[in-house]
Amino acid sequence: MDYRYHCTIPADSGLNALPFNPCDLLDFQLLRLSAGESWSGESGDREILAVLLGGKASFTVGEEKFSEVGGRPNVFGGKPHSVYIPAGSSFAISALGGPVEIALPSAPSDLAVAPYVIAPAQVANGRWGAANFGRTFHQILTEIAQPELPARRLIVGETYTPSGNWSTFPPHRHKFDDLPGEAAHEEMYYFRVSPGDGFGISRVYTDDGYEENYTARDHAVQMMPSGYHTVASAPGYTTYYLWFLAGTQRTQGAIEDVNLSWVGRTVPMLRDLGH
């Protein structure tokens, strides 16, 4: 079996890393701390967005201190708090009041900027698609929803796919820099499922014939250095995925699978019927 594009990240106490990574720019780590525990590290030549999946923590990034960041109980409990950690930073994270889970997507950066917190009020939310390919989203750090927030490469958000629905449909790719249509970006999805014993299906396929259909359970990671991609939730379950992208620039652009793009053109009609 070819494991180029998917894996399960460990979810042990402390810092967890991907078992392998086919991407050149993106990386992902998962930090889990019990109440009172701390962890410290260095960002090196990478920018990191620490997304609070659940719980509350204090952060020290260089000389800056951010206390009591977070608060949602889990990824299904509201918008996130996040902390942008720039390249060249030492940082420390301490769990407050209970256990904390923090996603740490990262990408290379040469941007000299101060660290900052992204509060839930700054996170844009809405709905993409319609009918059984409708899903809701949070845009956490994007050039579209948060143009005032500096970042070198990272683009980050969250998607919630309801029971039996599809996300990222029609499937799209972002392989080449050919703006305004397409932008070259690697992407990863980090999955959680509610209830926790459920699953979704993540499909990735390329123009040269590679294809995989992956069972996405808690802590699954879909890694997409290239390829068209889409996600479906099993009936009775909601899938969450943290999505994050990195490329040569932060202007988003994607090309839909031409054989399926007609589905996207039905969205206005389906929304009208829904009213």
J.: Could you tell me whether Glu158 and Lys79 have a side-chain N and a carboxylate O separated by less than 4.0 Å?
T.: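 Looking at Glu158 and Lys79, the cut-off is not met.
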
J.: May I ask you to say whether Asp197 pairs ionically with Arg217, meaning some side-chain N is under 4.0 Å from a carboxylate O?
T.: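 No, no charged N to carboxylate O under 4.0 Å.
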
J.: Using ring pair (Phe, Tyr, Trp, His ring centres under 6.0 Å) as the criterion, list what pairs up with Phe91, not counting sequence neighbours.
T.: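 Scan of Phe91 (ring pair (Phe, Tyr, Trp, His ring centres under 6.0 Å), adjacent residues dropped) gives Trp39.
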
J.: Determine all donor-acceptor pairs shorter than 3.5 Å in which one atom belongs to a side chain in residues 46-62; sequence neighbours excluded.
T.:
unit_1 : atom_1 : unit_2 : atom_2 : d
Arg46  : NE     : Ser106 : OG     : 2.9
Arg46  : NH2    : Leu25  : O      : 2.5
Arg46  : NH2    : Ser106 : O      : 3.1
Arg46  : NH2    : Ser106 : OG     : 3.4
Glu47  : OE1    : Tyr84  : OH     : 2.5
Glu47  : OE1    : Arg152 : N      : 2.8
Glu47  : OE2    : Arg152 : N      : 3.4
Glu47  : OE2    : Arg153 : N      : 2.6
Glu47  : OE2    : Leu154 : N      : 2.8

J.: Angle class for the His172/His229 ring planes (parallel below 30°, perpendicular above 60°, tilted otherwise)?
T.: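 If you compare the ring of His172 with that of His229, the planes turn out perpendicular.
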
J.: Looking at the rings of Tyr189 and Trp243, which for Trp means the six-membered one, are their centres under 6.0 Å apart?
T.: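 Between Trp243 and Tyr189, which both carry aromatic rings, the centre distance is not below 6.0 Å.
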
J.: Look at the rings of His219 and Tyr190 and say which category their plane angle falls in: under 30° parallel, 30 to 60° tilted, over 60° perpendicular.
T.: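 The rings of His219 and Tyr190 sit tilted, inter-plane angle from 30° to 60°.
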
J.: Check the pair Ser109, Asp45 against side chain to side chain donor-acceptor pair (under 3.5 Å), reporting the backbone distance first and the verdict last.
T.: CA-CA 6 Å; Ser109 175; Asp45 61 355; over 6 Å; no

J.: State yes or no: are the ring centers of Tyr240 and Phe191 separated by less than 6.0 Å?
T.: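 They do not qualify: ring centres at least 6.0 Å apart.
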
J.: Report the residue from Thr251, Thr248, Leu245 that forms a side-chain contact (heavy atoms from CB on, under 4.5 Å) with His185.
T.: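 So, applying the side-chain contact (heavy atoms from CB on, under 4.5 Å) to His185 and each of Thr251, Thr248, Leu245, only Leu245 qualifies.
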
J.: Please answer whether the main-chain N or O of Thr161 pairs with a side-chain N or O of Asn165 as donor and acceptor at a distance below 3.5 Å.
T.: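 Not confirmed, Asn165 side chain does not pair with Thr161 backbone.
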
J.: Thinking salt bridges, do Glu182 and Arg173 make one under a 4.0 Å N-O criterion?
T.: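 Counted as a salt bridge, because a side-chain N and a carboxylate O are separated by less than 4.0 Å.
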
